[in-house]
Protein chains: 2
Amino acid sequence: MSEVTSAHPTHVTLAVVLQVRRGELQVLLWQRAREPFRGAWALPGGYLSAGETLEQSIRAHLAAKVDVRELSHLEQLETLSDPDRSPKEWQLATTYLGLVPSDLDPELPGDTDWQPVDDLPRLGFDHGSIVLAGRERLRAKLSYTNLGFALAPAEFTISELRDLYAAALGHDVSATNLQRVLLRRDVLEQTGRRRASGPSGGRPGSLFRFRTSELEITDQFAVLRPPGPARVPVA
Amino acid sequence: MSEVTSAHPTHVTLAVVLQVRRGELQVLLWQRAREPFRGAWALPGGYLSAGETLEQSIRAHLAAKVDVRELSHLEQLETLSDPDRSPKEWQLATTYLGLVPSDLDPELPGDTDWQPVDDLPRLGFDHGSIVLAGRERLRAKLSYTNLGFALAPAEFTISELRDLYAAALGHDVSATNLQRVLLRRDVLEQTGRRRASGPSGGRPGSLFRFRTSELEITDQFAVLRPPGPARVPVA
DNA sequence: TAAGGTTTGCGACTATGGGGCGAAAACCAT
DNA sequence: ATGGTTTTCGCCCCATAGTCGCAAACCTTA
């Protein structure tokens with residue numbers, strides 16, 4: 001049980017901010033200088049202030065670490081309420097998933113750094129499981145939404161996008177298949193330009209972009225569909 | 001802005017409890033006797049008490065309306081934080097989705113009743129949109145999980161199950177397709193028994209049951225799968 | 001300019017799973 | 001037995017994903 005159990009819980013917001021850096025999925029963490037969990041790493045976030053919404057709160061706390069304008073996506077995850085999740089007080093935590101495009105490299109305070117999600121340091125509180133939940137949410141949504149836009153730069157070749165997906169999903173991805181799936185779903189479109197070929201030569205790749213930066217869900221996963229002759233293709 | 005904005009918000013839990021009754025999807029509501037929103041209908045729920053988790057809180061509040069043991073499923077939805085969502089105070093609300101099998105008919109207090117989700121009365125606060133969110137979550141999960149177990153009685157024919165799905169999804173469902181999909185995914189199994197044929201005659205249907213009442217997710221919706229020869233069938 | 005190496009693009013083929021349809025099976029009532 | 005009703009099941013079609021391999025496009029070096 002908590003050392004202090006008042007009648008009202010405190011409320012914090014926490015964010016799992018993910019980015020693909022150097023070919024691997026990394027999460028934004030900061031190292032605690034004070035107890036509890038002194039020396040351990042923790043998710044960015046902090047207390048909810050009066051008059052704020054939860055989203056405003058997490059954006060404000062993140063602004064102290066990274067420039068908030070660099071966040072390409074932010075969505076709410078679970079709200080945690082185990083009375084023992086903080087050793088010092090009765091504290092609720094509403095968690096968020098944030099994404100940053102891979103071509104950005106925001107300035108960070110000295111106590112803050114990116115850590116690979118597959119090789120995490122010791123995390124304080126229940127933050128380890130929160131990172132797992134964020135990673136899982138990202139993995140799932142990459143499959144049935146256009147969320148890739150939030151990980152990718154404005155323009156990219158299919159090979160570059162394949163590497164992004166491979167890092168985020170944690171397994172190899174076929175470039176052929178990725179291109180076909182995303183083009184058929186109309187989430188990618190061609191820019192017409194090509195990229196200068198790399199240092200090792202080879203054919204230069206066409207540049208693509210995501211058609212929109214609004215989250216869209218593929219309707220294809222409604223398994224028991226309404227009856228009808230056929231779903232009309234876009235007119 | 002709220003009339004009263006203290007430094008600490010209050011926190012309530014609310015539940016969208018759904019059941020298929022008389023062939024349509026209905027939600028559990030109670031009619032408010034006091035301001036604000038006197039006379040309007042509202043979702044069951046109430047304040048979070050000291051030492052509780054959010055799930056314990058909503059279960060306790062629901063116990064005052066329906067016997068909690070009748071809930072076949074309970075999962076967290078969003079946590080709402082608009083400072084103006086309650087006219088009387090700064091109040092956060094963590095919402096839940098609850099499901100009740102269609103063969104149960106719990107005792108209800110006098111102020112409480114089931115209402116069809118397609119023809120709702122006037123709802124107080126933001127409860128209208130919460131009901132929508134719950135309905136949408138149910139619809140989605142019926143497609144890619146075995147969540148149907150939470151709507152169905154212990155045994156049923158395919159036709160009966162089709163009617164349940166049709167009511168929950170809001171559109172017709174093919175019995176042939178439903179059976180094939182759920183059997184292939186191994187979520188349904190046959191009991192061996194048959195149901196006596198109905199009043200209008202006809203061939204008696206075989207009785208089925210859900211293989212498990214634990215929530216399981218069909219892995220089939222990972223679109224960009226890991227490479228490999230084939231996913232091995234269950235050995 | 002030709003040859004060889006590297007990377008991208010793309011079509012062909014296969015596998016899987018959902019949707020539609022109709023015939024056969026199983027039951028009741030007359 | 002005959003007809004009406006409901007369930008069951010096989011068959012075919014189509015959409016989409018996964019795999020493979022070759023051609024195209026580019027660079028470097030000879």
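The chains referred to below are lettered A, B, ... by the order of the sequence lines, with proteins before strands, and numbering in each begins at 1.
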Student: Among pairs that include at least one residue of residues 94-108 of chain B, which meet salt bridge (Lys or Arg N to Asp or Glu O under 4.0 Å), considering only residues two or more places apart or in two chains?
Tutor: Arg21(B)-Asp105(B)

Student: For Leu188(B) and dC9(D), what is the distance between atoms CG and P respectively, to the nearest whole Å?
Tutor: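 Between P of dC9(D) and CG of Leu188(B): 13 Å.
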
Student: Would you kindly give the OH-to-P distance between Tyr165(B) and dG18(C), to the nearest whole Å?
Tutor: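 The answer, rounded to whole Å, is 13 Å.
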
Student: Verify the contact: side-chain N or O of Ser174(B) to OP1 or OP2 of dG20(C), cut-off strictly under 4.0 Å; return yes or no.
Tutor: no

Student: Cut-off 3.5 Å, side chains only: do Thr94(B) and Thr13(B) have a donor facing an acceptor?
Tutor: no

Student: Tell me the interatomic distance from Leu224(A), atom CG, to dG18(C), atom P, rounded to whole angstroms.
Tutor: 9 Å

Student: If we only count heavy atoms from C-beta on, is the Leu99(A) to Val17(A) side-chain gap below 4.5 Å?
Tutor: no

Student: Within the 4.5 Å heavy-atom criterion, are Leu207(A) and Thr157(A) side-chain neighbours or not?
Tutor: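 Result yes, sub-4.5 Å side-chain heavy-atom pair found.
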
Student: Base, sugar-phosphate, or nothing for Arg185(B), non-hydrogen atoms under 4.0 angstrom?
Tutor: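 The residue Arg185(B) makes sugar-phosphate contact but no base contact.
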
Student: Please give, in whole Å, the distance from dG17(C) C1' to Leu182(B) CG?
Tutor: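 Taking CG of Leu182(B) and C1' of dG17(C), I get 13 Å after rounding.
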
Student: Which residue, Val181(A) or Phe208(B), contacts DNA chain D at a nucleotide closer to its 5' end, judged by nearest heavy atom?
Tutor: Phe208(B)

Student: Please answer whether the main-chain N or O of Leu43(B) pairs with a side-chain N or O of Trp30(B) as donor and acceptor at a distance below 3.5 Å.
Tutor: yes

Student: Under 3.5 Å between N/O atoms: give me all the protein pairs with nucleotides 10-12 of chain C, atom names plus distance.
Tutor:
{"residue": "dC10(C)", "atom": "N4", "partner": "Thr176(A)", "partner atom": "OG1", "Å": "2.8"}

Student: Report the distance from atom CG of Leu178(B) to atom P of dC21(C), rounded to the nearest whole Å.
Tutor: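 Taking CG of Leu178(B) and P of dC21(C), I get 17 Å after rounding.
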
Student: To the nearest Å, give me how far apart OH (Tyr144(A)) and P (dA17(D)) are.
Tutor: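 Roughly 16 Å, once rounded to whole Å.
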
Student: Between Ala222(B) and Ser206(B), which residue's closest nucleotide on DNA chain D lies nearer the 5′ terminus?
Tutor: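 Between the two, 5'-proximity favours Ser206(B).
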
Student: How long is the span from the CZ atom in Arg59(B) to the CG atom in Leu74(B), to the nearest 0.5 Å?
Tutor: 5.0 Å

Student: Can you check the Leu207(A) CG to dC26(D) P distance for me, whole Å?
Tutor: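 It is 13 Å, rounded to the nearest whole Å.
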
Student: Kindly indicate whether the side chain of Leu123(A), heavy atoms from C-beta on, has any atom under 4.5 Å from the side chain of Ile130(A).
Tutor: no

Student: Ignoring the backbone of Arg184(B), work out which of dA17(D), dG17(C), dT7(D) is nearest its side chain.
Tutor: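 Selected nucleotide: dG17(C).
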
Student: Where the side chain of Ser159(B) is concerned, which of dT8(D), dT7(D), dG9(C) is the nearest nucleotide?
Tutor: dT7(D)

Student: Check the distance between dT16(C)'s C1' and Asp186(B)'s CG and give it to me in whole angstrom.
Tutor: 17 Å

